[in-house]
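Worksheet: the structure to be examined is printed underneath.
Per chain, numbering begins at 1; letters A, B, ... match sequence-line order.
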Amino acid sequence: MNYWLVKSEPDAYSWDQFVADGITAWTGVRNHMAKNNLKAMRLGDRMFYYHSNIGLEIVGVAEVAREAYRDPTAQGGDWVCVDIKPVGPMPVPVTLAAIKADPKFEDLALVRLSRLSVSPVTKPQWDRICRMGKWTG
DNA sequence: GCCAACGTTGGC
DNA sequence: GCCAACGTTGGC
């Protein structure tokens, strides 16, 4: 299984809205590196759900419910989206500040490539963030 | 509100 | 093919 992190501005689409929807198509990605990450996602892969701009913290865990397919909101190009569904909220949200304060995360894409909206997370990074957030799933 | 990072556009 | 200008993202 691979691990990921997706960003959403809570103003635009919050974790609570995501939970209310139950499943959502992760559309609108228009960056090639992010697109490649979407294409690499496999059914059941897990991802952190991060609130950018407001909150600046990982608030939940989601998983891939459908692998990459053509993004219906794209006018042209070969943009793709995946379907994701919430697994559960992070018992203790993990803040960007806490992540940045830990030297073990200096290679985390969220830190190094701050503008990338869909990024990979290594297994050790995943486990460490889960511990910080008291995630027991 | 500012600014750094970075992708895209367009002139040459 | 280079590079300046510009737009967007996202943290501070």
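Near DNA chain C, meaning a heavy atom under 4.0 Å from it, residues 96-105 of chain A has A:Leu96, A:Lys100 in order of number.
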Legend entry - Footprint string (nucleotides 1-7 of chain C, 5' to 3'): B base within contact, S backbone only, - free, heavy atoms under 4.0 Å: -------
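Residue pairs satisfying the ring-ring contact (aromatic ring centres under 6.0 Å, His included) criterion with at least one member in residues 57-89 of chain A, sequence neighbours excluded, are listed as follows: A:His32-A:Trp79. The list of ring-ring contact (aromatic ring centres under 6.0 Å, His included) pairs with a residue in residues 10-29 of chain A, not counting sequence neighbours, reads A:Trp15-A:Phe18, A:Trp15-A:Tyr49, A:Phe18-A:Tyr49, A:Trp26-A:Tyr49. Within the structure, the salt bridge (Lys or Arg N to Asp or Glu O under 4.0 Å) test picks out the following pairs touching residues 24-51 of chain A (sequence neighbours left out): A:Arg30-A:Asp71, A:Lys35-A:Asp78, A:Lys39-A:Asp78, A:Arg42-A:Glu67, A:Arg46-A:Glu63.
Residues meeting the side-chain contact (heavy atoms from CB on, under 4.5 Å) test with A:Ala65, sequence neighbours left out: A:Ile23, A:Asp83, A:Lys85. Listed by chain and residue number, A:Trp126 satisfy the ring-ring contact (aromatic ring centres under 6.0 Å, His included) test with A:Tyr3 (two or more places apart in sequence, or in another chain). The salt bridge (charged side-chain N to carboxylate O under 4.0 Å, His left out) check on A:Asp102 picks up A:Arg128, with sequence neighbours excluded.
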Legend entry - Criterion side chain to side chain donor-acceptor pair (under 3.5 Å) on A:Thr122 and A:Gln125, from CA distance to verdict: CA-CA 5 Å; A:Thr122 67; A:Gln125 289 165 347; 3.2 Å; yes
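OP1 or OP2 of C:dT9 has not a single side-chain nitrogen or oxygen of A:Lys7 nearer than 4.0 Å. When the side-chain nitrogen and oxygen atoms of A:Tyr50 are compared with OP1 and OP2 of C:dG11, one or more of them lie within a distance under 4.0 Å.
Think of A:Val92 as one node in a network of Ile, Leu, Val, Met, Phe, Trp and Tyr side chains linked at under 4.5 Å; it has no links at all.
Taking atom CD1 on A:Ile58 and atom P on C:dG10, their separation rounds to 14 Å, with Å as the unit. Between A:Arg30 atom CZ and B:dT9 atom P there is a gap of 14 Å when expressed in whole angstrom units.
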